[in-house]
Amino acid sequence: MTTVLIADDQPMQRFGFRMLLESQDDMNVVGEAGNGVEALSLVQRHQPDVALMDIRMPLLDGIEATRRIIKAGARTRVLIVTTFDLDQYAYDGLRAGASGFLIKDALPEELLAGIRAVAGGDAVVAPSLTRRLLDAYVQHLPTVPGGPATLDARIASLTEREREILTVIGQGWSNTEIAERLHLAESTVKTHVTRILAKTGSRDRVQAVILAYDTHLVTPA
């Protein structure tokens with residue numbers, strides 16, 4: 001059973017999420033929060049598997065709430081549910097430690113699949129959408145002259161092949177695309193990705209993509 005907390009300041013949005021989730025045999029809504037402060041309190045109390053987190057909420061926004069949840073070492077994984085075209089804070093939400101994000105007009109089955117993926121330890125942002133998001137907000141990255149990717153200890157710990165794979169992950173390639181273009185078995189690609197996450201301390205694929213941008217291993221096209 002996957003336990004879920006819904007954090008959104010719109011009562012009708014929370015109601016819709018709850019109705020959808022409670023229609024599933026493998027999901028249980030443990031609470032609803034109308035603002036970030038309440039979300040933090042409920043995460044601490046219930047330790048849900050997944051928190052559906054809106055970004056624009058009163059008292060404490062979803063980005064800061066996500067940052068505090070991750071900093072506290074909670075077992076809860078955060079899935080941001082927002083409107084990409086309007087919400088300029090989605091990039092910051094991922095940097096704060098969210099395991100991914102979905103657009104609010106996603107199909108019900110996409111939201112359910114996203115929750116299950118996050119609960120299972122995966123990121124739910126499609127590679128192409130990740131690239132679109134990071135390209136759009138790459139101005140948030142600090143400018144570090146002199147080849148910062150080679151100076152970062154996390155990148156230096158990677159083998160040449162792992163660094164190559166991290167680079168193309170940052171460019172939006174899926175595991176299948178990596179396998180086909182680099183002439184590798186998909187199982188081998190998955191093994192490399194697992195090692196990359198472990199060596200760099202990345203929680204999931206989304207955080208690995210952000211690392212590739214942070215270290216300028218990948219730059220916008």
Side-chain angles (χ1 to χ4, degrees), residues 2 26-27 49-50 66 70 73-80 84 90-91 93-103 106-107 109-138 140-141 144 146-221:
T2 299
D26 61 339
M27 293 186 187
D49 298 312
V50 178
T66 297
I70 302 305
R75 62 184 292 274
T76 301
R77 297 175 68 86
V78 178
L79 173 56
I80 291 176
F84 170 75
Y91 175 79
L94 294 177
R95 286 183 57 85
S99 293
F101 75 95
L102 290 175
I103 301 171
L107 297 174
E109 53 267 31
E110 292 174 336
L111 176 61
L112 295 172
I115 292 171
R116 293 185 178 106
V118 166
D122 291 330
V124 303
V125 185
S128 59
L129 192 54
T130 303
R131 179 61 188 267
R132 175 189 171 193
L133 176 70
L134 294 178
D135 277 358
Y137 296 106
V138 73
H140 289 264
L141 295 173
V144 183
T150 60
L151 301 178
D152 191 284
R154 294 167 295 178
I155 300 300
S157 70
L158 302 177
T159 66
E160 183 176 349
R161 175 63 86 180
E162 288 166 350
R163 179 168 170 166
E164 178 184 23
I165 289 176
L166 176 57
T167 299
V168 297
I169 287 174
Q171 292 171 347
W173 293 18
S174 66
N175 284 355
T176 300
E177 289 171 328
I178 294 171
E180 292 175 350
R181 298 179 189 182
L182 299 186
H183 308 291
L184 299 170
E186 191 161 349
S187 60
T188 300
V189 174
K190 291 179 180 178
T191 298
H192 280 306
V193 172
T194 298
R195 290 174 178 168
I196 290 167
L197 297 182
K199 286 185 177 182
T200 61
S202 301
R203 284 166 53 88
D204 49 43
R205 194 184 188 96
V206 171
Q207 299 304 311
V209 173
I210 290 174
L211 171 65
Y213 273 75
D214 276 345
T215 59
H216 293 242
L217 192 63
V218 175
T219 55

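- Nearest heavy atoms, A212 versus G170: CB-CA, 4.4 Å.
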Report task. Kindly indicate, with the supporting measurements, whether the criterion side chain to side chain contact (heavy atoms under 4.5 Å, CB included) is fulfilled by K199 and T159. Result -> CA-CA 10 Å; K199 286 185 177 182; T159 66; 3.9 Å; yes
Report task. Would you check, one step at a time, whether the test side chain to side chain contact (heavy atoms under 4.5 Å, CB included) holds for D152 with D214? Result -> CA-CA 10 Å; D152 191 284; D214 276 345; over 6 Å; no
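- Here E164 pairs with R161 in a salt bridge; the nearest charged N to carboxylate O distance falls below 4.0 Å.
- The minimum heavy-atom distance between R205 and W173, with the atom names listed, is NH2-O, 3.0 Å.
- Taking 4.5 Å as the limit, some side-chain heavy atom of V209 sits within range of a side-chain heavy atom of Y213.
- I178 is listed as a side-chain neighbour of I165, based on a closest heavy-atom distance under 4.5 Å.
- Listed by chain and residue number, nothing satisfies the salt bridge (Lys or Arg N to Asp or Glu O under 4.0 Å) test with K190 (two or more places apart in sequence, or in another chain).
- Interatomic distance, CG of L112 versus OG1 of T2, reported as 10.5 Å (0.5 Å rounding).
- The distance from the CD atom of Q171 to the CG atom of L217 is 8.5 Å, given to the nearest 0.5 Å.
- Side-chain contact between T76 and V50 is absent, with no heavy atoms from C-beta onward closer than 4.5 Å.
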Requested in this report: Before giving the answer on side chain to side chain contact (heavy atoms under 4.5 Å, CB included), spell out for L79 and L102 the whole-Å C-alpha distance, their side-chain angles and the decisive distance to 0.1 Å.
Outcome: CA-CA 7 Å; L79 173 56; L102 290 175; 4.1 Å; yes
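- In this structure, the side chains of D26 and R116 come closer than 4.5 Å at one or more pairs of heavy atoms.
- Between A185 and A179, the closest heavy-atom pair is C-CB, 4.2 Å.
- We find the CD1-CZ distance between I155 and R163 to be 6.5 Å, quoted to the nearest 0.5 Å.
- From I196, atom CD1 reaches atom OG of S157 across 9.5 Å, with rounding to the nearest 0.5 Å.
- A salt bridge does not link R77 with D49: every distance from a Lys NZ or Arg NE/NH1/NH2 to an Asp or Glu carboxylate oxygen is 4.0 Å or more.
- For E109, the CD atom is densely surrounded, since the number of other residues' heavy atoms within 6.0 Å is greater than 12.
- Side-chain contact check for S202 and T200: at least one donor-acceptor pair (N or O, by modelled atom type) lies under 3.5 Å.
- For R154 against L211, the heavy-atom pair with the smallest separation is CZ-CD1, 3.1 Å.
- Between A98 and T66, the shortest heavy-atom contact is N-CG2, 3.7 Å.
- Counting only distance, with no hydrogens or angles, the side chain of Q207 and the backbone of D204 share no donor-acceptor pair below 3.5 Å.
- Under a 3.5 Å cut-off, the side chain of E180 and the backbone N or O of E177 do not form any donor-acceptor pair.
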